[in-house]
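All figures in this text were calculated on a predicted structure; none of them were measured in a lab.
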Amino acid sequence: MVNTVDQSNLEIKIHLDNEYGLHARPAAVLAKEAQKFSSEIQLCFDGREVDAKSILDILTLAVPHGGSLSIRASGADAREAVKHIKKLINGRFEGNK
Amino acid sequence: MAEQILRGIPVSSGVAIGKTYFLNRGSNTSIVRMDIDPQDVAEEKNRLHSAFTSALVELEKISEKIPGELKEQAAIIDSHIMLLKDKKFQSASKKYIQDKLINAEWALEKAVSDIEKAFSKIEDEYIRERIHDVRLVADRVKKQLYGKPSDIKSFKQRMILLASDLSPADTIELQLDKIMAFATTSGGKTSHAGIIARSLQIPAIVGIEGLAEIQDGQFVILDGFNGKIIVDPGEEQLAHYTELKYQFENYQSQVNRNCYLPAETIDGYKVKVSANIELFEEVAAVIDNGGEGVGLYRTEYSYLNRDDLPTEEELFEEYRDLSSIIYPEKIIIRTLDLGADKIATQFGPTREANPALGLRAIRFCRKHPELFKTQLRAILRASVLGNISIMFPMISGLQELLEVKKLYYQVRGELKSQGVNFDPFMPMGIMIELPSAVLISDMLAREVDFFSIGTNDLIQYSLGIDRTNKHVSYLYQPLHPAILRSIKYVVDAGHEAGIEVSLCGEVASDPYCIPILMGMQIDSISLNPQAIPGIKRIIRQATMDECKNLLKRVLESDDVQESNRLVKEMIFTRFPEELMFYTSLIED
């Protein structure tokens, strides 16, 4: 479908602005939220790329405070996924227990 | 391997000769690698999968119960849940099972160590430290794995169990009939493990180092009298211990034969000797050992080792069945004494700086009134079907007692209005186990029908020592003047008010302490069932005169060592044949 092609391979860059970087709690929130989408979602930092649905992957990516990372998504709901995760990161993972 | 001796603290008498098995719970160092057959790969993967699932269910339950204000706790548990759900974690472990043909435990260990490697490269210290959470989660899965039947394969024959620690919950999961003795690295003289061992009548040692280094299947002698494990014993030792084991079993059967005779001194002073129990199954031991009812029924076990709470109906049936077996003798049911070392996971991980001084026992129950009321209703309903008394633990003050009584009467009122039967005259008592309760025992005595002095906690709280800490357990001195004065004060205050005073700590099963308690004219003592025959026998051979005399001299002594010497001297000269097989709380 045209739509799907449209949505695939989205990528945005974003600045991480929380206190300790992508540590346990934000990583847990991120993975949990990412799992709600059918698209494949990757986080890229420092030349490495990991699965945003895996908390282990996110943790080992070790994005420090102030690090700039990219979110990449491909699939039917890629646009929503990227938008949602961007919102999460900008909102410093608040409001999502 | 040459004969080698490890030493610890003896907590339960007897000798065991056999092979060892180290129960490892979440300890990374001693996980056993086992090769599996290719046809078992699927089963092993399934086992791992269900361990992950059970661990997840367990954590999710905990997560639901965390109060809203504990945001940090909730966040940690949430991240653990996400780790458990992480497909890569599980699939990496499964891959190891498949590729290397190894058991689930070892595969999990391999996967964790891979993750550790990845984490060790992380520069950010804070994130690098999260490996700790990975390990905690892996430990949860491991715990599930060990709970699964597959581990039982290694338990085909009876074993001497070694462990770094045995919690009350652990002992529920173990196949007790396959364990002939055990030894743990942690723990002191009165730790829970010892209580369990004595109730099972198997020898045990705590506070012993070097257990993990003993290979599984190693032939050893465990000497529960002296707290020794002899690894790879020589001929001479083997002969000696085989003889000792025989003698001990002989002595026990002799003592047991007369256990139904009452505990009455030569000069006619009678003491009631009843039993402390915590497992339903122990009720048989009470009767077999001549126990006059149950002086302390610990009700915690029905709350442990499960994810939900017992229902009123379950508890009612438990109390009803117990009391009808014991009938016409009495059973004193102590309300829930959970908290601190035995905290219910149902209420989330409570991290307290001082659990022993924290939310436990009656405080815990008052904080969770619904849980408490369920138990009260169950006890009250059972009260018409047996000879039951109710007892509240850890009372620290009069106001607190009055609040508890208010709640108790409220429950009675509710039952009454619902037309549910209960015994309005069921005796109600309290544990005296805090120094504050000792000092106001005259005030408390006016509010209750009986006292039961819990010496384990009383000694711990009075002397300010953690009884399971082997570095300070030497300060655990039952004959400390402060302890003796406390006990005497409570007995006198109780008698002054015309109520019965009982004692239910470990002291009651210590032959050295018995004459002292007798001298104070304690009304009844309650101890582990297996110790009853021997203690009754000592009482039957004593006179009240000599007990009072000894008490007088000990109360005058300002030196614990001197007091210890005095009681030992008396027992040595009067009951020499009893001593060979006893372990005492009194220091040498």
Side-chain angles (χ1 to χ4, degrees), chain A residues 15-69 71 73 75 81 84-85 88-89 91-97, chain B residues 52 56 59-60 62-95 108 110-138 141 348:
Chain A
H15 226 62
L16 189 66
D17 198 25
N18 70 326
E19 202 181 344
Y20 292 113
L22 265 184
H23 62 96
R25 195 183 70 88
V29 174
L30 214 160
K32 195 177 188 173
E33 295 299 315
Q35 283 173 16
K36 291 179 181 164
F37 297 92
S38 65
S39 296
E40 300 214 347
I41 309 168
Q42 279 88 34
L43 295 183
C44 317
F45 171 73
D46 202 16
R48 287 168 298 142
E49 183 182 301
V50 300
D51 182 358
K53 295 179 182 179
S54 161
I55 179 174
L56 280 170
D57 269 16
I58 302 173
L59 284 172
T60 46
L61 193 61
V63 185
H65 162 74
S68 83
L69 68 159
I71 309 158
H84 186 70
I85 287 168
L88 264 181
I89 296 178
R92 298 185 186 189
F93 308 95
E94 288 305 323
N96 283 281
K97 203 192 93 129
Chain B
F52 265 91
L56 184 62
L59 263 186
E60 279 175 338
I62 292 173
S63 164
E64 281 164 22
K65 300 268 163 58
I66 299 177
E69 63 270 21
L70 297 177
K71 271 179 109 177
E72 273 310 301
Q73 304 269 26
I76 292 167
I77 298 291
D78 265 4
S79 69
H80 288 186
I81 288 174
M82 290 312 291
L83 281 169
L84 272 176
K85 279 187 179 164
D86 199 311
K87 292 205 176 71
K88 294 196 172 161
F89 197 1
Q90 203 183 128
S91 61
S93 310
K94 283 182 177 164
K95 196 168 179 319
L108 178 68
K110 296 282 279 179
V112 170
S113 97
D114 285 348
I115 297 169
E116 266 176 31
K117 260 180 232 151
F119 270 72
S120 68
K121 293 186 191 123
I122 297 174
E123 271 177 40
D124 183 317
E125 190 191 339
Y126 189 81
I127 296 176
R128 193 172 61 233
E129 286 297 308
R130 290 312 101 213
I131 188 61
H132 180 64
D133 294 286
V134 177
R135 279 201 213 98
L136 283 178
V137 167
V141 178

Revision key, fill the gap. When every non-hydrogen atom of B:Ser79 is compared with those of A:Ala28, the smallest separation belongs to CA-CB, 3.5 Å
Revision key, fill the gap. So CD of A:Glu33 and CE of B:Met82: to nearest 0.5 Å the spacing works out to 9.0 Å
Point to revise | Distance in Å, B:Glu123 CD paired with A:Asp46 CG, rounded so as to fall on 0.5 Å steps | key: 9.0 Å
Review point. Of the listed residues (B:Ile115, B:Ile122, B:Ile81), which shares the most heavy-atom pairs with chain A below a 4.5 Å separation?
Key: B:Ile122
Exercise for review: Output all residues satisfying salt bridge (Lys or Arg N to Asp or Glu O under 4.0 Å) with B:Lys95, sequence neighbours left out; order by chain, then residue number.
Suggested key: B:Asp99
Check your understanding: When only heavy atoms count and the cut-off is under 4.5 Å, which of residues 47-59 of chain A reach chain B?
Key -> A:Asp51, A:Ser54, A:Ile55, A:Leu56, A:Asp57, A:Leu59
Review point. Given that the side chain runs from C-beta out, which part of B:Leu83 has a heavy atom under 4.5 Å from chain A: side chain, backbone, both or neither?
Key: both
Exercise for review: Assess whether atom CD of A:Gln35 is packed by more than 12 heavy atoms of other residues, nucleotides or ligands within 6.0 Å.
Suggested key: yes
Review point. Is the closest side-chain heavy-atom distance between A:Lys32 and B:Lys85 below 4.5 Å?
Key: no
